[in-house]
Amino acid sequence: MGKTLKDHLVDTFDDLTDEKIKRFKAKLCDRKKEPRVRRAATERIKYSFELADLMINTFTSKDAPAVTIEVLEAIACNQQAEDLREAMGHSTSGAQNVVQPVAQLVTKPVEVDLKASQSVQKTDDSLSDDCPVSLELTTCNQQFKDKILKEKDEEVYKPLDKSVRKRLALLITNIDFDNPSMNRRGAEKDEENMEWLLQQLDYVVVKYKNLSGKEMDDVIKSFAQRKEHADSDSTFVVIMSHGKRDTILGVHYDKKNNDILLVDKIYTHLNSSNCPALLNKPKVILIQACRGDEHGHVWVSDGEPEQPKEIEGDDFVHKEKDFISLMSCTPDTKSYRHIAFGSFYVRCIVDVFGKSAHEDHIEELFRKVMRRFETDERMIGYLKQMVCKDRATLTKHFYLFPGL
């Protein structure tokens, strides 16, 4: 197997002295062109493979070689620049020319005709650094659906017939903040990818952008009261913004203005009491936001368990039931987003659902997303992010049966 782009970049950086690496990182941060590299990002880097990851994640595989050569020549490392240019097999003079990546993957979205085809060809499970996830969906066949509903019977949430159901999904994306330094570059791609996925799963997407904490609360409360839920069999609520533990930040947030939405409010508005139309129906919550400032780490709670309370009466409804949530990171940690292609969280969800939703129930889909974060070299080598399943109260298996 030939060397990858990352291998070539690592070889280049390994050939530099510590002093030259220091100069390389300083000059990289001084570049005036977009995308910019923050000094704090380079200060965390200790190894050549981490610097290679930073170059690819920031500039994509398409432009990372040219930018690397530009910076090398700026710090008078001309031999290393020429060696990299030769290794890439393409002549270029500075960053104005584009060096082709070692392996180019298809980047164009693929439109899927659900009626014309029951499946599309599967691709590799890995997500490349240099392109967005390919928008492809494998649809379910009627035989599989009938088999699952017959064999599992009461263990499965029963889907309503496509001809009569009215599925709604709520999508909130905060991109532009009052404080420009908080603007979420790349979040437009997350919004585009997530809207595509929800539509392919037969949900009408109710979409909002750039909301305050109060506005998010009002929107979710209003969404929970939509009459269509009575004729639906499930719902998705997707919120993408900055965040802290147990809170999502509104677009007016700063040190003086605590503009937030408490995550608990999502569950309150959609629970059995406040949203009876979704009683006994799956409610999937997806949140792409940081939950703290720490990098990923192992954590555990050893809190003392509470004594169970007695339940009086013969007829009751659990207040919070039939929820399942997938948070983009564990408590107290950061969630990462590519400035061109969006977050790894959304890309993984779209990719996994597109390939496996035709045969897996929602918890297995979430497990596959989590597995990606455990095995992807970016997560274990540099980003250290792990998605987290949270507040799971589904009592049955929830299959999406895409296309049916």
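Residue indices begin at 1 and follow the sequence shown.
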Counting only heavy atoms from other residues, nucleotides and ligands, does the tally under 6.0 Å from [atom1] of [X] exceed 12?
X	atom1	value
K368	NZ	yes
K214	NZ	no
D18	CG	no
E82	CD	yes

To the nearest 0.5 Å, how far apart are [atom1] in [X] and [atom2] in [Y]?
X	Y	atom1	atom2	answer
L211	S241	CG	OG	9.0 Å
L137	L201	CG	CG	6.5 Å
N179	N257	CG	CG	11.5 Å
M194	K207	CE	NZ	13.0 Å
M216	I260	CE	CD1	9.0 Å
D14	I21	CG	CD1	8.0 Å

Query - Candidates K396, K162, R167 - the one meeting salt bridge (Lys or Arg N to Asp or Glu O under 4.0 Å) with D233 - result: R167
Query - Criterion ring pair (Phe, Tyr, Trp, His ring centres under 6.0 Å) against F13, the qualifying member of F49, Y47, F24 - result: F24
Do side-chain atoms of [X] reach the backbone of [Y] as a donor and acceptor pair under 3.5 angstrom?
X	Y	result
R31	R36	no
R23	I75	yes
Y345	I287	yes
K209	I175	no
T58	L54	yes
D11	H8	no
K283	L278	yes
N174	N210	yes
H229	F223	yes
N57	D53	yes

Report task. Report the C-alpha distance between D178 and H252 in whole Å, list the side-chain angles of each, state the deciding distance to 0.1 Å, and finish with yes or no for side-chain hydrogen bond (donor to acceptor under 3.5 Å, both in side chains). Result -> CA-CA 5 Å; D178 290 352; H252 306 311; 2.6 Å; yes
Could you tell me whether the side chain of [Y] reaches within less than 4.5 Å of the side chain of [X], counting heavy atoms only?
X	Y	result
D264	D246	no
T235	K281	no
Q200	L135	no
D7	V10	no

Query - Stepwise side-chain hydrogen bond (donor to acceptor under 3.5 Å, both in side chains) check, S234 with Y203 - result: CA-CA 9 Å; S234 57; Y203 291 88; 2.5 Å; yes
Requested in this report: Check step by step if side chain to side chain contact (heavy atoms under 4.5 Å, CB included) holds for Y267 and T393.
Outcome: CA-CA 12 Å; Y267 300 90; T393 55; over 6 Å; no
If every non-hydrogen atom of [X] is compared with every non-hydrogen atom of [Y], which pair is closest and at what distance?
X	Y	result
K27	A74	CG-CB, 4.0 Å
E191	L171	O-CD2, 3.9 Å
P65	L84	O-CD2, 4.1 Å
F177	N183	N-OD1, 2.8 Å
L365	A357	CD2-N, 3.7 Å
K25	I45	NZ-O, 3.3 Å

Is [Y] paired with [X] through a side-chain N to carboxylate O contact shorter than 4.0 Å?
X	Y	answer
E50	R44	no
K355	D351	yes
K221	D217	no
R367	D360	no

Requested in this report: Determine, step by step, whether E19 and K22 satisfy the salt bridge (charged side-chain N to carboxylate O under 4.0 Å, His left out) criterion, reporting the C-alpha distance in whole Å, the side-chain angles of both residues, the deciding distance to 0.1 Å, and the verdict.
Outcome: CA-CA 5 Å; E19 180 59 30; K22 184 177 180 180; 5.1 Å; no
Query - Candidate pair V346 and I349, rule side chain to side chain contact (heavy atoms under 4.5 Å, CB included), full reasoning - result: CA-CA 5 Å; V346 171; I349 287 177; 5.7 Å; no
Requested in this report: Decide side-chain hydrogen bond (donor to acceptor under 3.5 Å, both in side chains) for N271 and T268; before the verdict, give the C-alpha distance in whole Å, the side-chain angles of both, and the deciding distance to 0.1 Å.
Outcome: CA-CA 5 Å; N271 69 21; T268 299; 5.0 Å; no
Requested in this report: Mind running salt bridge (charged side-chain N to carboxylate O under 4.0 Å, His left out) on D30 and R39 for me, showing each step along the way?
Outcome: CA-CA 9 Å; D30 289 340; R39 208 165 298 276; 3.0 Å; yes
Report task. Before giving the answer on side chain to side chain contact (heavy atoms under 4.5 Å, CB included), spell out for I239 and I220 the whole-Å C-alpha distance, their side-chain angles and the decisive distance to 0.1 Å. Result -> CA-CA 10 Å; I239 304 179; I220 297 167; 3.8 Å; yes
Query raised in the report: Does K145 make a cation-pi contact with F401 (under 6.0 Å, within 45 degrees of the axis)?
Result: yes
Query raised in the report: For the rings on H361 and Y399, is their centre-to-centre separation under 6.0 Å?
Result: yes
Query raised in the report: Passes side chain to side chain contact (heavy atoms under 4.5 Å, CB included), I69 versus M88? Steps please.
Result: CA-CA 11 Å; I69 290 170; M88 297 304 301; 5.7 Å; no
